Number of protein chains: 2
Amino acid sequence: MTARRGTRVTLVDVARLAGVDKAIVSRVVNEDPSLVIRPDTRERVVEAIQNLGYRPNVAARSLRTAKAGTLGLVIPDFANPVYAEIITGAESAALAQGHVLVTGSSTGANSSMDRYLDLLGQGRVDGLMLASPTTAHEQQKLESLGLPWMMVNRRDTGDHHRFVILNDAQAAKLAVEHLLELGHQEIVHVAGPFGADTARRRATGYRQAMKLAGLDVRAESIARGDYTPGGGADAMAQLLRGGVLSPTAVFVANVAMAVGVLDTLRRNGLRVPEDVSVVAVHDLPLAEHLVPALTTVRMPLQELGARAVELLLASSPEDEVAEVVNTAMELVQRESTAPLTRD
Amino acid sequence: MTARRGTRVTLVDVARLAGVDKAIVSRVVNEDPSLVIRPDTRERVVEAIQNLGYRPNVAARSLRTAKAGTLGLVIPDFANPVYAEIITGAESAALAQGHVLVTGSSTGANSSMDRYLDLLGQGRVDGLMLASPTTAHEQQKLESLGLPWMMVNRRDTGDHHRFVILNDAQAAKLAVEHLLELGHQEIVHVAGPFGADTARRRATGYRQAMKLAGLDVRAESIARGDYTPGGGADAMAQLLRGGVLSPTAVFVANVAMAVGVLDTLRRNGLRVPEDVSVVAVHDLPLAEHLVPALTTVRMPLQELGARAVELLLASSPEDEVAEVVNTAMELVQRESTAPLTRD
DNA sequence: AACCATCGTTCAATCGTTTGACCGACAGTA
DNA sequence: TACTGTCGGTCAAACGATTGAACGATGGTT
């Protein structure tokens with residue numbers, strides 16, 4: 001209640017009011033198990049803390065303990081809703097463990113990755129999660145910070161094993177199996193860019209599911225886009241042009257490209273889902289509002305973020321971290337997929 | 001180059017290597033203007049810093065200076081792209097001034113606003129920006145922290161004057177004037193929720209623009225939604241039902257509601273833009289991918305975030321802060337608006 | 001020759017917590 | 001009585017950077 005503005009309340013103030021040494025107060029605050037104390041003394045201390053509105057000073061504590069109580073997360077772009085989900089999951093996991101999450105984007109005007117590493121590598125964070133593409137030079141810098149770090153939703157090509165990813169292949173299989181169940185056989189794939197390992201895994205899942213169903217996948221059945229609407233539109237156009245057989249269904253590697261795919265189909269006079277079914281990975285709010293509403297496979301991105309935090313907090317800089325989060329995925333069926341209708 | 005893992009390099013290490021006192025090193029690092037030093041000494045110091053890869057310890061510095069070098073931003077939800085823009089702007093402004101931005105959401109599982117204030121009010125941040133709704137109790141708590149703080153894109157009803165907002169009325173006027181220029185007169189408004197002051201200002205702008213054009217605004221010309229697609233759909237349905245005259249154009253208070261508005265219009269057999277034109281505030285990536293692509297008024301949200309940071313860093317807890325960011329807004333014309341065609 | 005100013009640098013207190021070491025009082029035991 | 005062991009605390013040294021004050025050397029002035 002007594003919240004004096006301006007004056008910071010310290011351990012000493014509390015100790016004085018409670019008539020004990022500050023060491024006692026510190027141990028009470030931190031619930032030191034080695035502390036033996038009379039109940040009434042503890043009472044006095046707790047009361048004094050309440051009365052003065054004492055809050056431990058983070059800087060002093062960090063200085064002493066060499067722990068910041070903070071984790072860093074670097075993402076490419078705040079506007080991408082995929083990262084929003086990762087952030088949300090990471091944030092609440094961090095909070096649950098008494099840590100604060102600092103999220104930075106690596107593409108801002110003056111916020112290069114390098115700049116961030118400089119800022120964060122001074123004891124400001126206890127660990128770092130990277131959902132952004134990272135150069136070898138940056139990785140080296142990371143190593144030199146002596147912090148635990150890991151890639152999130154991204155598996156790097158180096159010899160490091162420090163990542164948490166999702167089961168993208170499984171998601172792709174779910175999507176393709178849905179199309180198969182609807183009777184489709186001419187299923188093409190709009191894949192993600194070469195550099196993205198999520199794209200690679202989704203393509204693999206597509207191939208596996210097709211193979212399992214006894215269907216061929218020819219080179220012309222796959223076109224690569226860059227995870228943007230424009231890229232998706234182009235890739236779809238290419239598939240329509242090149243194919244000998246006309247596809248009755250499309251599996252798209254992400255929702256952004258699906259937007260372009262829908263557009264290309266519409267421009268070519270193809271109705272969705274009457275003429276062509278479309279399904280994409282992963283479910284985003286946007287998917288519901290497209291016309292037609294998009295069928296998707298929802299991936300556990302929040303859990304990915306949360307798991308990353310847990311692993312980070314439990315690891316040393318030297319530890320290997322390699323995990324595939326295998327929480328169940330869910331097919332979200334909307335208007336863009338329908339049973340095959342033979343003309 | 002010499003980046004020893006594990007061992008932290010301190011001022012003393014640098015001082016020893018350079019053969020000077022640590023005070024000198026500190027002053028060199030901080031570019032203390034009162035420092036007089038021989039060029040060759042400075043050289044030695046700088047070199048030692050480089051060689052050891054010295055980075056000042058933030059905790060120690062914070063403890064001594066009572067500054068954290070960090071600003072806090074609390075938003076309701078990371079998934080909302082409106083906040084993504086504010087974050088981006090705030091982040092790069094903060095970085096430009098050598099500060100780190102900590103962004104937290106107030107709606108997460110265990111991340112109530114209260115919890116955040118607890119975590120941040122321990123010297124972890126030098127100031128706080130709130131883009132979330134705030135209770136009186138929370139505001140009181142804020143005051144007791146003795147930090148400078150302000151509301152962002154939200155003006156509170158209290159007697160405080162601590163906010164940065166945009167010129168929402170002006171945005172609304174731009175939108176309505178666009179419709180007027182296209183020849184529309186029966187222009188209705190799907191407004192935002194009662195609690196949101198942005199909604200109030202946009203409604204005011206709508207009224208002003210109509211009045212300026214010599215047009216009446218009757219009560220039935222405005223319906224309130226809750227800034228969600230569902231709310232927009234309902235509000236539009238209400239406008240179609242209640243009105244004596246059928247509207248030829250709709251001004252929608254945000255893009256999320258516009259999604260629902262488009263849906264309701266479609267379900268009622270009205271084509272956009274042939275039968276009804278639709279324009280919304282503010283421009284989001286999503287707007288481009290709706291069918292039809294949505295005409296919007298782009299607001300300077302990044303600048304809002306940036307300006308908030310600047311004002312925060314330049315203010316004391318006692319200062320009043322009340323600013324309307326007046327950067328030019330822009331009408332982004334797409335497919336959802338067209339000239340009035342008289343049947 | 002004594003004095004003073006300036007330059008370039010060192011000294012040392014301080015920020016608020018944490019934590020191992022230490023210590024007096026009291027009870028139980030031999 | 002002397003000794004040992006717990007209980008309930010106190011003491012003080014860190015952690016690393018900042019910053020006002022002090023200080024020795026040098027050169028110039030009178």
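Just so it is clear: chains get the letters A, B, ... in the order the sequence lines come, proteins before strands, and each one is counted from 1. Just so it is clear, the model here is predicted, and its values are computed rather than measured.
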Could you state the atom-to-atom distance from [atom1] of [X] to [atom2] of [N] in whole Å?
{"X": "A:Glu31", "N": "C:dT19", "atom1": "CD", "atom2": "C1'", "result": "17 Å"}
{"X": "A:Asp13", "N": "C:dG16", "atom1": "CG", "atom2": "P", "result": "9 Å"}
{"X": "B:Ile37", "N": "C:dT6", "atom1": "CD1", "atom2": "C1'", "result": "16 Å"}
{"X": "B:Arg8", "N": "D:dA17", "atom1": "CZ", "atom2": "C1'", "result": "12 Å"}
{"X": "A:Asn30", "N": "C:dT19", "atom1": "CG", "atom2": "C1'", "result": "10 Å"}
{"X": "A:Asp40", "N": "D:dG9", "atom1": "CG", "atom2": "P", "result": "7 Å"}
{"X": "B:Arg38", "N": "C:dG8", "atom1": "CZ", "atom2": "C1'", "result": "7 Å"}

Next on the checklist: So which atom in A:Ala68 and which in A:Gly123 form the shortest heavy-atom distance, rounded to 0.1 Å?
Outcome noted: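 What the structure gives for the nearest pair is CB-O, 3.3 Å.
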Item to check | Shortest non-hydrogen contact between A:Ser106 and A:Ser132, atoms and distance | outcome: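 Smallest heavy-atom distance, with atoms named: OG-OG, 2.8 Å.
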Scan nucleotides 22-28 of chain C against the protein and return all N/O pairs shorter than 3.5 Å with their distances rounded to 0.1 Å.
none

Next on the checklist: I'd like to check the salt bridge (charged side-chain N to carboxylate O under 4.0 Å, His left out) partners of A:Lys22; sequence neighbours left out, ordered by chain and number.
Outcome noted: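 Partners of A:Lys22 by the salt bridge (charged side-chain N to carboxylate O under 4.0 Å, His left out) criterion come out as none, since no residue qualifies.
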So what does [X] touch, heavy atoms closer than 4.0 Å: a base, only the sugar-phosphate, or nothing?
{"X": "B:Asp32", "answer": "nothing"}
{"X": "A:Ser26", "answer": "base"}
{"X": "B:Thr41", "answer": "sugar-phosphate"}
{"X": "B:Leu11", "answer": "base"}

For [X], which residues count as a side-chain hydrogen bond (donor to acceptor under 3.5 Å, both in side chains) partner, sequence neighbours excluded?
{"X": "A:Glu323", "answer": "A:Arg307"}
{"X": "B:Thr70", "answer": "A:Arg124"}
{"X": "B:Glu303", "answer": "B:Thr327"}
{"X": "B:Glu138", "answer": "B:Thr135"}

Item to check | Sub-4.0 Å heavy-atom contacts from residues 54-62 of chain A onto DNA chain C, ordered by number | outcome: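 Contacts with DNA chain C under 4.0 Å: A:Tyr54, A:Arg55, A:Pro56, A:Asn57, A:Ala60, A:Arg61.
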Checklist entry - If you look only at pairs with a residue in residues 67-88 of chain A, which of them pass as a salt bridge (Lys or Arg N to Asp or Glu O under 4.0 Å), with sequence neighbours excluded? => result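 Sorted pair list comes back empty.
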Atom pairs and distances, side-chain donor-acceptor, residues 38-49 of chain B, under 3.5 Å, sequence neighbours left out:
from, atom 1, to, atom 2, distance (Å)
B:Arg44, NE, B:Ala18, O, 2.8
B:Arg44, NH2, B:Ala18, O, 3.2

Next on the checklist: Let me spell it out: for each of B:Leu63 and B:Leu35, pick the nucleotide of DNA chain C with the closest heavy atom. Which residue's pick is nearer the 5' end?
Outcome noted: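 Result: B:Leu35.
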Donor-acceptor contacts under 3.5 Å from residues 28-37 of chain A side chains, at least two apart:
from, atom 1, to, atom 2, distance (Å)
A:Asn30, OD1, A:Arg61, NH2, 3.3
A:Asp32, OD1, A:Ser34, N, 2.7
A:Asp32, OD1, A:Ser34, OG, 2.8
A:Asp32, OD2, A:Arg27, NE, 3.3
A:Asp32, OD2, A:Ser34, OG, 3.3

Atom pairs under 3.5 Å: protein N/O with N/O of nucleotides 10-14 of chain D:
from, atom 1, to, atom 2, distance (Å)
D:dT10, OP2, A:Asp21, N, 2.7
D:dA14, N3, A:Arg64, NH1, 3.3

Checklist entry - Excluding sequence neighbours, so at least two apart, what forms side-chain contact (heavy atoms from CB on, under 4.5 Å) with A:Ala322? => result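 If we apply the side-chain contact (heavy atoms from CB on, under 4.5 Å) test to A:Ala322, skipping adjacent residues, the hits are A:His161, A:Phe163.
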Checklist entry - In a check of side-chain contact (heavy atoms from CB on, under 4.5 Å) between A:Val25 and each of A:Leu11, A:Leu17, A:Val12, which one passes? => result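 Passing option: A:Leu11.
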